[in-house]
Structure formats: structure tokens, C-alpha cells
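Below you'll find the structure, written out as C-alpha cells, and then a few comments.
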Amino acid sequence: MSTQVPEQTEEESSADTESQSQSAAQQARMEKKRDRAAQRDQQREAEEAEREFSEDGTYLLKVFRYDPEIAGKQEPRFDEFHVPYHTGMTVLDALMYARDEYDSSLTFRHSCRQAVCGSDALFVNGRQRLGCKTQLSDLEEPVRIEPLPHQEVVKDLVVDMEHFYDQMHAVEPYFQTNDLPEGEQLQSRENREKIKMSTRCIWCGACMSSCNIAAGDNKYLGPAAINKAYRFTMDEREGEDMKEHRMKIMEQEHGVWRCQTQFSCTEVCPKDIPLTEHIQELKREAVKNNLKFW
Amino acid sequence: MHEHDVIVVGAGGAGLRAAIAAQEEGADVAIVSKLHPVRSHTGAAEGGINAALREGDSWEKHAYDTMKGSDYLGDAPAIETLCKDSPEEVIQLEHWGLAFSRDEDGRMSQRPFGGMSFPRTTYAGAETGHQLLHTMYEQLVKRGIQVYDEWYVTRLAVSDEEDPTDRECHGVVAYDIKSGGLDAFRARDGVILATGGPGQVFDHTTNAVANTGDGPAMAYRAGVPLEDMEFIQFHPTTLPSTGVLITEGVRGEGGILYNENGERFMFEYGYANNDGELASRDVVSRAELTEVNAGRGIEDEYVHLDMRHLGEERIIDRLENIVHLAEDFEGVDPLEQPMPVKPGQHYAMGGIETDENGETCISGLYAAGECACASVHGSNRLGGNALPELTVFGKRAGQHAAGGDLGTAKIETGKRGDWETGEVDTPVEPGDVSAPGEDVVADGSGGTTTSSGGSLSPEKYVQRALDTERERVESLLEKDEGRQHAEIRADVQKSMTRNVNVFREEAGLKQALRDIRDAREKYQDVYVADKSSTFNTDLIQTIETRNVLDLAEAITLGALARDEFRGAHWRKENQERRDEVWLKHTMLSWEDGRPDLWYRPVVLEGENKTYEPKVRSY
Amino acid sequence: MSQSYNRGLIEDFGRWKEFSAGMWAWIFHKFTGWVLVGYLFTHIAVLSTALTGAAAYTETIQTLESLLVVRILEVGLLAVAVFHILNGLRLLLVDLGVGLHAQDKSFYASLALTGAIVVASVPTFLAGVF
Amino acid sequence: MAEHYSSFERGGRRWLWQRITAAFLVIVLAFHFFLLHFVHHADEVTFAMSSARMEQWTYYSLMILFLVTATFHGVNGVFNALVNQGIEGTRKKAVKWTLVAASLLLIVQGVRTANAWAGITLLPF
Ligand SMILES: Cc1cc2nc3c(=O)[nH]c(=O)nc-3n(C[C@H](O)[C@H](O)[C@H](O)COP(=O)(O)OP(=O)(O)OC[C@H]3O[C@@H](n4cnc5c(N)ncnc54)[C@H](O)[C@@H]3O)c2cc1C
Ligand code: HEM
Ligand code: SF4
Ligand code: F3S
Ligand code: FES
């Protein structure tokens, strides 16, 4: 029923007697309240129906399997698992369930279950995501789970991270300065704010795996390592001389200039680090720096 | 066989700090860790790190607060060391570049925390642990310290004198997860255990899946006593499906707890008429569970934490990350719905007994971080006191292991000095299921080693440990049928959460011991289905499960013995603190496959004063 | 791609469907750029008939322009050029750090605008061939 | 670690010029298209008309500049793309010099054509 009719009554009747208008207004309010209640009921029912459906329901996972040593697994294949769903279930929960209940040889890295350890970046339904931070309910079935692309597969969902670590280590990823004070070293709030996002990286490798350029050029430092360098380059506590030194690293042949602003790194980063923005800022910084010498 | 001066097991905050300190002391140091360092659970810490840095604050005040918070079960020398060294350590971290939050004037920000008389919790947003872990790892890279990552340490190589205090640690045995081989690591000067918490003993925990308490279990079986294991901190607001922590800040800002009937139970059922939702962690945890047990929980499992009335603006301004946590990990939008929460295991106050230099009673064996118990937290840890523990005691252990001079420790370890025997009435025999001395390799309880009376050379001990471990791993892999560890682990975790939770009563504790015994028996039958030598997590977890069992038992035995209510430990039969009997640490030693209970008095004499037990009223 | 393990069918098929806006923009920009250089060389080659004399030039141009294929190719060239210009502007903004959050939207906008301009220009471009 | 960036080359210059020329090209190319397809229709193009425009020195110099920038932008773009694809060493050198030669040829040919229209015979060809 529409609430508009009584509202009109209210307007009209306000010219009439007080009592009438009050009762009309009251009527209108009650009407609205009933409506709202009905709506809520409906919603609850719908939600309950959904929950019942999903609680009974299972999710179908298609999981990439490969083991270099086990006969039958040497040829990569996909295994299917039907995992019973409960609200709040994540991709990682589903994998753990499949492993503990169906096949204990299903292998994947995981630890914190809360998006801080960076172990479980996976390729889920065509996109790099953290298993623990991805709700099953946000995905279409069947849920296809693969190891990160562009990295060597060790076994099942486990990839070799060595190359990623090498790139991270290549940018001198540590604080260094030539003048340290005795006590606290002050830093302005603005400067801390500037580097804040860049410090959030959990080394999951999702960005690197999503970048076409990194896939084509093994020497490319990649978004995560460049972001790491950004974190220190922009930290004013290191001092100007260090900044110059860091810019030289960034400007190497396989450094910032390799980035073609494809943005996929930024899109997949589970910590929402604006990677492309940081890379671009370093490019501009490099140009500015160089203009001084040209 | 690899060889280094100092071997650090674990690469969380404590392990990294220890390695850096040992190297600065001139040692050739290597870290062996089952996870790559940046994957360690230190990264999950949010709140901050306590240090008396500012005018008006002092290490003495910090020490006083900590002692009070420990409910007078912390050892004064350890607490004072922590509080004295922490400011220097925090400045050190800052000099390594840690991006602490800043005040207007550019100095590090500090905030108030429960139980602290001064706002001394130094923080970096809501991700202090992440920053701390990464900053220290960066220093490791800078120094070129060697890391054997994804190497799982399965056994300590310790000599076998009759009395544990005469034994010496010569190294460790580790399994290379990626390629599947066992190898020995000989440590010329010392082994430092920094393996973190044992959260996986419970089925609902804020801890990582990797936190299986390997360090304490290995040290225990090598002869080092475990101290105060019954003291487990439960956090009242964790998400039911994953255990992800919802910060106290939500209640601080005005979040309200409701039961299924929409009642504000903290008030309506009189759990905390003054503080309501803001009562201390243990009080709120107990209230929530009482509601659930009384049938007023939602889905008989959890209660609701509602912050919608705070308004979107305020929520986004102050608690934005909570919105993301609830959405990502529970699929709930807290702006639209109340968040489901329940108590979850959070921190273990007890662990490997050490002195304030991090050394255990076995010479050359050290422990630091959550796996250790120098006893700074006593029966209850205050928020923000674990991170300084990592750096302060990590550093000391590293220095001492590398030969640095820290002076003689005031705290005694092992059965030396003042101690008394204890007894506890158990429904089933705890410890190994097989008779002592019997050859049980499969469960890692020891096995083939006949005592040499400590006459072998260090290399021989390491070699022998490697051989024993080979046999064990082979026998686990050889079996083609039996039980899978997942089932055993899940049973124990469930029983622990049911019986050794926030509420502890005699019958439940005994039931837990029976369940553990059951699990131990099943474990005799355990087999590893995955035969691959590449990244065999099935094997690793099977070995971990053995450790979980030993620790579950130690926790339960301690809880059964201590019939008083102190700090985080609540006993139905005796709901008050009993200083006359219980101002002492619960100690458990593994003797020939049997846990041996004994006690050591608390050290309340500090440097300048003796701490007087007072009522803890918050 | 020496680091990538060959996952056979799995790696080869289907990946392109998963490309994001930024990747498509990159691919299209590359393609259009190359077409444009190619055209630049052709263009100058055709124009240099002017060197052999005025009549020859006019003759060549008018013959070419009277061919439907050439006209259609020209429309194609327009599409290519317009997209390259618009996306080039998008890239310039990205380089300056402007509007990074709308980078995918600006790519779609470039596409849409290219389409619109091309359709609108068809009459002009085809005028006189028939 | 250091070997990762020991042989470095500052790529910034080529990157920057690619942007600068692009910014210039936006304007000129739009003008060019507009003039030759919308103001004058393609089928109306004759030698005489081109000639008339080219005789104005402003238009002439704009077109020369257009030619040079477009050539640089296009060729530099191609080169950058190839470098990004990972060509190195002699192949890189060969490509570089081929591209330089091609650009020079293109510019010379373009200038000669323009001169023919403008009636300039200053140059020896
Ligand atoms: C959610 C959460 C929030 C917290 N917030 C705070 C806070 O705000 N303030 C505070 O002070 N404290 C806080 N704590 C507590 C504190 O974070 C932990 O106590 C501390 O980080 C433990 O550090 P650790 O170095 O001892 O162990 P971990 O960081 O857990 O590291 C353990 C290491 O040991 C390795 N390891 C384990 N077993 C083996 C083995 N068998 N072989 C080889 N390697 C092994 C692992 O790979 C890992 O590297 C919090 C804890 C949690 C869970
Ligand atoms: C009219 C305006 C133009 C703009 C705004 C423009 C813009 C750009 C920009 C910004 C790039 C760099 C892309 C990158 O490095 O990520 C580029 C690349 C390129 N441009 Fe242009 N351009 C224009 C005209 C032209 C013309 C006329 C040509 C042909 C001669 C051309 C050929 C190329 C080529 C070949 C590339 C390299 C493509 C690749 O990466 O493979 N562009 N353009
Ligand atoms: S930048 Fe983001 S995606 Fe890349 S490794 Fe770090 S957290 Fe992962
Ligand atoms: S995906 Fe690659 S191309 Fe640049 S913007 Fe990201 S690094
Ligand atoms: S399990 Fe740690 S990031 Fe997902």
C-alpha cells in the first residue's frame, strides 16, 4: 500500500481541527511503521531462505593439482571438491576443509588467516587474491583455484617465491641514513602519512604475478619492489643524499621505466597500495632529478 | 651438516632481534624458520609496544603496572629488565626506520592501554606488529644474515646427562620443506628458540595456523621445564569463523554487546554493572560464554557486538579497518548489521622456562618471545607488553648466546635453588602412552637413544639426533594406513575449547585429559597419506600435531593443579586468588615420558624494592 | 617468461579473458601506435609523388581517394588515430598522476568516444566515393 | 645484489620526450586531420591546394615540425616497445640504427616533398 494517500490527508487536514490532523498524522506514522515492519520481515525471510539454501548447499571448487614426483600428478590437472558452505566462509577455509576432510595431500601455503602474512596469494576465478580475504559468497561457481601465474609451480598451489624475494632484496630494502640523532629521530606527520600506504606491503606477490611486464621481463623489479623503494625514497628521515642514491637504483634499465601503467598490480593488491601511483611518482621524481643534470 | 655459531629457530620478532644481536656480538648466526620471516605471526599484532619514553613516565611505573597486571605471578627481575630496556629498544626500532605514528611535534605517538597508568603504548597505526616484523627483517637483509626459510625444526640435539641442568644443546635437526630432506644444524655456541605461541592447541584462536608451539614441545621433551602453562589469555571479541581479532577499540568507542534476545547482558545480567562492555578481557569473555551456555547465544555460539549507533561517520573515522575485517573475514557489513563475536584464545603467558638472559636450564639452549617464559606476564599479559618482550629478550638471548656478558641471572632455572614438588590427581596417566623406554619413534617421543651419560662429542649428538629423526620421518611415511592427524588435532582442539577455556572446572579438565590420552593413543596409529618429498605439508602438520598434544596436556595439567582464580585462570571450585598457597609458578618437566609437576616461588624482590601483592581491581 | 612453469592448456587458454582495463588499454595503444608509424611511412611515400610533378600527384591522390577500400581504410585510420590520441591523453594524465582512480573509466571513455567520433565521421569520409 | 643494477642506463630521457612530443602531437594531429578531412574533403585534394598552403612559411614550418615530432615519437615509441620486450646487445644496436636511418630517410623525403610544394629549391635535391 502506498503511504502517499495518508500523507496528503495530513496536509489537507492540518487546516482543519487539531485532533483530526493528529489522528491522521498518527495514522500515517503507523502506516509507515507497518510498512517498514513488513519490509523488514520480508527481508529477513529472504535472508533466511538464502541462508538455508547456502547452509545446505555446497560450493564446488576446482583446484589445480601438480606434483613433480607423484605419478598421476605430474601432468597438471584440476580436482573437484564439494565443500559445505557456512556463512563467512573464505576460499582459504574451503581449501582447508577440502584438505582436512578429503585429501590431505592438497598443498598450499597459509598461516595467519587474516591477510597479514601474505602466504596465500592465489589465482582465484581468474584473478590474484588472498585466499583468506576472499569470501566464497563473492565468487561465481565453480570456484577455480590456481597457483599464481608467471611463477614456477612447486606443487599444487605452492609457487616458487625466490625470484620475488630477489627482486625485493635488490632495491636495498632497508632504512639507511648518514645522520642519526642520539635519541628519537623526528618525522613530520605529513611525511609519515605519505609513506604509510607503501609500508603496508605483505610480500604476497599478487601484484608481480598480475603484471604482464614482469612476466615478460624477469629483470624488471616489479611493482612490489619499486613500492618498497618508494617507501624509503620518500622517507625524509633518510636525507637527500640517500634519496639520490635510491633514485639511481630506480632508474636502472629494468626499473621504473619498464612499467607501462597497466594498473593490474594496483587492482589486485590486497592491501590497497596505490602501486601505479607510487611508480609514476618515482618516474616524475627521476625526470625532475635528471633535468638538473641535462 | 650445516654449522654456525648461533642458530635461531623462528623468525618472528623475537627470532629476528636475537639474530641481529648475536651478529652484532660477532657471531656467525643463521635463522632456521618454517615460514619465511615476513610470514611470522608477529605481523598480526595491532595495538602497540609499551615503553616508558616520556617525561612523567618511568620504567619503574611500567614495572609496577606490569607486576600488578601479572597478578603478582611475574618475576621481578624479568619485569624490571623488560621495562628498563624497552625504551632503548623502541628507539632502536625507530632508528631502523619503523614508521611509528607521529605526534604534531614529530615525536612517536603513544596511546593509553588497559592496565597502564601512563599512555606508553607506542604504535604504528593499527599495524604495529607488521611494521615491527618488516623493519627487523629489513635489517636482517642489510646485514646479510643467513636464513634457512621453509625449514622445519623437528628436534633439538641435546646431550643426555641424567639431570637436565647438566645437559648441553649442540644444535637442531630440521626438515627442508621444499625438497624434503632432513639435515642437521650444529650450533657451536647456542640455539635460540623463538617459535611463537601455541594458539593451535585451541580450535578458536587469533593465532596463526603455524603457531603450534613446536619450540616449547621440543624443549620440554629435551628436559627443559615448561612454566605457568595454564595461563592462557582469551580475547572476548574475535570473529567466530576465523578468530580474527576485533580490537577493544570498538567497545572503547561505545560498541555494545547483545545476546540473542537483544539484551545488553553486561548490565542486564550484572556481569559488570559499572564498566559494562568496558570491563577487562577476562570478565567480558566469561560473560559472553555464560550467555551462550545459558542458551542466550546466537546460533548457540556467539553474541553480537553492535556499533551501528555510533554512526557511519564516526565509525569510518576511527574504526575503518574493523569494517573491512568484518566484511572480508566474516562477510558482515558492520554498518548494516551487528558483528558476531566470541572469545578466542589469544596469548600464552607460560612457556619455556628461562632466566632474564633468555637462557634455559640446558646450557646453550635459549628461548625468547611468546614461546618463552622469563615470566614477565605472570598470570595475565597486559596489552602492548608482548612486543617489547620480543625485542628485549630476543636481544639478550642473542647477545648471551654469542658470548656477550650480561652478568649472572637472578632468576634460577631448572630444579635448582628454591623449589618444591607438586602433585595432581589425574584420571588417566599423562605423558607417553607407550611404557617409558619403549621404542616409539613414530610419535617423536624419543626412542632409539640409549643414554650415553653425556660422553659423546657435540657432532655425535647432532648426528644421533638426525638419525633418530630420519627414522621417525621414514616410519611416518612408510605406513600406508591408519589415522590422519587432522582428525586427532581437531578432536583435541575441540576438547580444549570446551573444557580448558575461559571457564575451568575440575570435571571438564579431567575430561580434557581423557580426551588427550585418547588422542595420544590414536596418534600411535597416525600415518601420512602424502608420500611426496616436495612441500609435504601433510607430514609437517602430522609432526606438529604431536607437539599440540604435549602442550594441550601441559596446559590442562597446570590448570587442574592450580585451584585458584588468578589472572586469566578461573576455577569454578575456588573463585579467588589464594596468595598463601599459590604465589608460585607451575612447572612441568618431562621425565622419561612422564610429566613431572613441581613449583617454584615467585620472585617479588626487585632491584630497589619488593612488590607487595595487592588486589587487582579492574 | 622463463620463470613460468608451463601449465599447458591452462596457461595458454583463457587468460586474455581475464585482462583488466589497463591491460587492454596497453595492448590497444601499442597496436594503434604501430599502425600509425606504418601509416606515417606510407603517407610520406604517397605524398612524395609530388616530387615527380603536380599532375602525377593530383592523379595519384584522386585515384586513391576514389577507391572505396581506401576510404574504408581511412575510416580505420581515423579510429586508430582517435583512440591513440584519446588514450594518449589518458596516459599523459596518468603520468602526471592525475585521476588515477578513474583510469579504467577513462579507458572506457576513450573507447566510447572513439566509437562516436568514427561513426559521426563516416559520412564525411565516404563523401564522394559513390 | 649489486649486479641487478650494475649496468644501468637512464631511460628517463626517451620516456620524457615521448610525452613531450605526444603533447605537441595532440594539437597538430587534430589540426591536420580536421583541415584535410573536414575543412577540405579528401577527394578534393590537389597539388595546387597543397602548394598554396605550403607557400605560407608558418604552415610550412609547422608541417616540418609535425613531421619531425611524429617521426621521433613513432620511432622512439617503437624502439621503447622493443626495449621493453627485452631486446639487448647487438640486436638492440642494430634496431636502433635501422630506426635512425629510416627516420632520417623519412624526414628527408618529407622535407623534399614539402619543398616541392612550397617551391623551395634551396636544398640541393
Ligand atoms: C592478533 C594479535 C594481536 C596482537 N597484538 C599485540 C599488541 O598489540 N601488542 C603486543 O605487545 N602484542 C600483541 N600480540 C602478541 C604478540 O604479537 C606475539 O606474542 C608475538 O608477536 C610473538 O612473537 P614471536 O617472535 O615470539 O613469534 P612469531 O612471530 O609467532 O614467530 C614464530 C616463528 O617461529 C617459526 N617457527 C615456529 N615453529 C618452528 C619450527 N618448528 N621450526 C622452525 N621455525 C619455527 C615460525 O616460522 C615463525 O617465524 C598480538 C597477538 C595476536 C595474535
Ligand atoms: C596525437 C597524439 C598522440 C598522442 C597523445 C600520443 C601519445 C602516446 C604516448 C603517451 C605514448 C607512450 C605510451 C607508453 O610508453 O606507455 C605513445 C606511444 C606511441 N605512439 Fe603515440 N601519440 C600520438 C600520436 C602518434 C602518432 C602520430 C604516431 C605515429 C607516427 C604515434 C606512434 C606511437 C607509437 C609507435 C608508440 C609506441 C607504442 C608502443 O608502446 O608499442 N603516436 N603515444
Ligand atoms: S604490493 Fe600489494 S600485491 Fe604486491 S606484494 Fe605487496 S601486498 Fe602483495
Ligand atoms: S601491472 Fe605492471 S605495468 Fe606497471 S602499473 Fe603495475 S607494474
Ligand atoms: S593466510 Fe596470511 S595472508 Fe592469507
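Lettering follows sequence order; numbering is per chain, from 1.
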(request) Against chain C, label S50(D) side chain, backbone, both or neither, depending on which of its atoms sit under 4.5 Å from a heavy atom there. (result)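 The side chain, not the backbone.
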(request) Name the region of A102(D), side chain, backbone, both or neither, that has any atom closer than 4.5 Å to a heavy atom of chain C. (result)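 Its backbone and side chain both get close to chain C.
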Testing the basics here: between [X] and [Y], what is the closest heavy-atom pair and its distance to 0.1 Å?
| X | Y | answer |
| --- | --- | --- |
| V37(C) | V78(D) | CG2-CG2, 3.8 Å |
| A116(D) | A50(C) | CB-O, 4.3 Å |
| I85(C) | L29(D) | CD1-CD2, 3.6 Å |

Taking atom [atom1] of [X] and atom [atom2] of [Y], what is their separation to the nearest 0.5 Å?
| X | Y | atom1 | atom2 | result |
| --- | --- | --- | --- | --- |
| I44(C) | I107(D) | CD1 | CD1 | 9.5 Å |
| R112(D) | L47(C) | CZ | CG | 13.5 Å |
| K30(C) | N84(D) | NZ | CG | 6.5 Å |
| F41(C) | S103(D) | CZ | OG | 5.5 Å |
| L91(C) | R19(D) | CG | CZ | 7.0 Å |

(request) Please check if the side chain of T58(C) supplies one atom and the backbone of F47(D) the other of a donor-acceptor pair under 3.5 Å. (result)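 At least one qualifying donor-acceptor pair exists.
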(message) Tell me every residue that passes side chain to side chain contact (heavy atoms under 4.5 Å, CB included) with A25(C), counting only those two or more places apart in sequence or in another chain.
(response)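 If we apply the side chain to side chain contact (heavy atoms under 4.5 Å, CB included) test to A25(C), skipping adjacent residues, the hits are N87(C), R90(C), F107(C).
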(message) Heavy-atom cut-off 4.5 Å, strictly under: side chain, backbone, both or neither for L78(C) against chain D?
(response)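 For L78(C), heavy atoms of backbone and side chain both lie under 4.5 Å from chain D.
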(message) Does any part of the side chain of L36(C), heavy atoms only, come nearer than 4.5 Å to the side chain of H73(D), both counted from C-beta?
(response)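 No - every pair of side-chain heavy atoms lies 4.5 Å or more apart.
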